[in-house]
Amino acid sequence: MSDTQSESWYLKLHWQIGIAMLLAVPFGLLTGEAGAEAIGWLGDLFLRLLKMVVVPLIFFSIVSGVCSVGSLKRVGKLGARTVGYYLVSSTLAILVGLLLVNLIHPGEEGVLVQYRVGGSAGEEALLGEIESGSALRDLVFRLVPENPVEDMVYSGEDPRRGPNILGVIFFALLFGGCILALPDARRERLSSVFDMLFAVMMKMTGLVIRAAPLGVFALLGAVVGTTGLEAFRALGLYMLTVFGALAIHALVVLPLICALLARRNPWAYTRALAPALATAFSTASSNAALPVTMDCVERRAGISNRISSFVLPLGATVNMDGTALYECVAVLFLAQCHGVELGLAQQMVVVVTALLASVGAAGIPHAGLVMMGIVLTAVGLPLEGVGMILAVDRILDMCRTTINVFSDAVGTAFVARLEDGGEDGQTGG
Ligand code: ASP
């Protein structure tokens, strides 16, 4: 799997994944539902492999990351820089979305009636999960696990929602912090134990990533096979607005941050990240992509493990530029469809709650849609409209997740430059 200069191009992971993605589209279109059924299990298997490594990877990565920072004071500084980046980049993303949705004005009364949701059992279940209420209270409660072991297994009452990563992160940060507070000899011994455990998880991650081309092909082929191109017609302008805003953020805002603040060549860095971005796109899950993202950032872009093992797991759960932007565009779109013009003050409420909703959203498929109830409630809009945009959520989710992961990686490069001059300062790929 190593991407050395001497390797033939077709042995390089990003080419293999690129080809897999190219093949998946015609495969899905030609074989439809039958093809999706035939290869669906392969995609699911790849997802299971990724999920298998993700919780121990996050736990050991954060504990060993905190230990390697060396002192609680430095952890505080690193944490403040990391969270500072998250807040700024997500806010910028929301503002891009806000600008575009006001300019394009995709919502007209009656648009929602054109496309009614099919009402399958899966869709019904998803709609049932839509949350309303206080974003902040919800976030704080999710942060503090009642039982950390249980949070590693599932969040809340519903096992389908997967582990509560926010709770796992909080516990891991405290755990690592407490190791740092131990006397020297014990601290050093424990630090090296966690370092080794983390190395084991990275090794396992490397093995799982070998299956990425096949997994990406199967996941993407199945999505194209089941969704087809049908759903894209009715809500076209809305989708174009989300795509346009995501594209501006990905092609202008994040590369500028990458070049000016992280001092890295954005193109070379993006190439190094290609496998992670492809995995994010095909899985629609920042958590599932996390093992690949860590591998790309460390091995292909040469950023120190000390920084990435701290910043990336946090980012996969907390920093979601694409989701934040999407919340803002979708809620304003729904307002337009309901004939409600939100004034400046109301739009600011959307900005703030969209930010909170993106922080609270889990790194799993459709989490952004589920969190939208919080933003809608904050500006007094009905929750019903969400059912209408559910039909096109998968493709939007794939795109916003890719941006989420891209922003996590750019943030890692930025923090790495602040902390230690960006290591080798160059990217391979
Ligand atoms: N699927 C996204 C992610 O994992 C979250 C969302 O639904 O917006 O990053």
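Just so we're clear, the structure is a prediction, and the values are computed from it rather than from any experiment. Remember, it's 1-based here, ligands and their atoms both numbered in the order they're listed.
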Locate the shortest heavy-atom distance separating A367 from A361; write the atom from each residue and the value.
-> CB-CB, 4.1 Å
Provide the closest heavy-atom pair for A316 versus S286 in the form atom of the first, atom of the second, distance.
-> O-CB, 3.5 Å
Assess A361 for proximity to ligand 1: is some non-hydrogen atom of it under 4.0 Å away?
-> no
Below 4.0 angstrom, N of the basic side chain to O of the carboxylate: do E419 and R81 qualify?
-> yes
Under 4.0 Å from any heavy atom of T323, which atoms of ligand 1 are there?
-> 5 (C), 6 (C), 8 (O)
Backbone or side-chain N or O of A284 under 3.5 Å from ligand 1 N or O = yes
Counting from 1 in the order shown, the ligand 1 atoms closer than 4.0 Å to a non-hydrogen atom of S285 are 4 (O)
protein heavy-atom neighbour closest to atom 7 (O) of ligand 1 works out as G368 N, 2.7 Å
Atom 2 (C) of ligand 1: nearest protein contact (heavy atom, Å) | T401 OG1, 3.2 Å
Looking only at distances, please establish whether an N/O atom of ligand 1 is found under 3.5 Å from an N/O atom of I364.
-> yes
Looking only at protein heavy atoms, identify the closest one to atom 1 (N) of ligand 1 and say how far it is in Å.
-> D397 OD1, 2.7 Å
Centroid separation F194 to F175 less than 6.0 Å | yes
Would you name the heavy atoms of G322 and N404 that are closest together and state the gap between them?
-> N-OD1, 2.7 Å
Salt-bridged, R400 to D393, with N to O below 4.0 Å?
-> yes
Between R400 and ligand 1, which part of the residue brings a heavy atom under 4.0 Å of the ligand: side chain, backbone, both or neither?
-> side chain
Identify the closest protein heavy atom to atom 3 (C) of ligand 1: which residue and atom is it, and at what distance?
-> S286 OG, 3.3 Å
At a 4.0 Å threshold, what atoms of ligand 1 neighbour a non-hydrogen atom of H366?
-> 7 (O)
In Å and rounded to the nearest 0.5 Å, what is the CG to OG1 distance from L418 to T82?
-> 9.0 Å
Closest heavy-atom contact between I209 and P291?
-> CD1-O, 4.0 Å
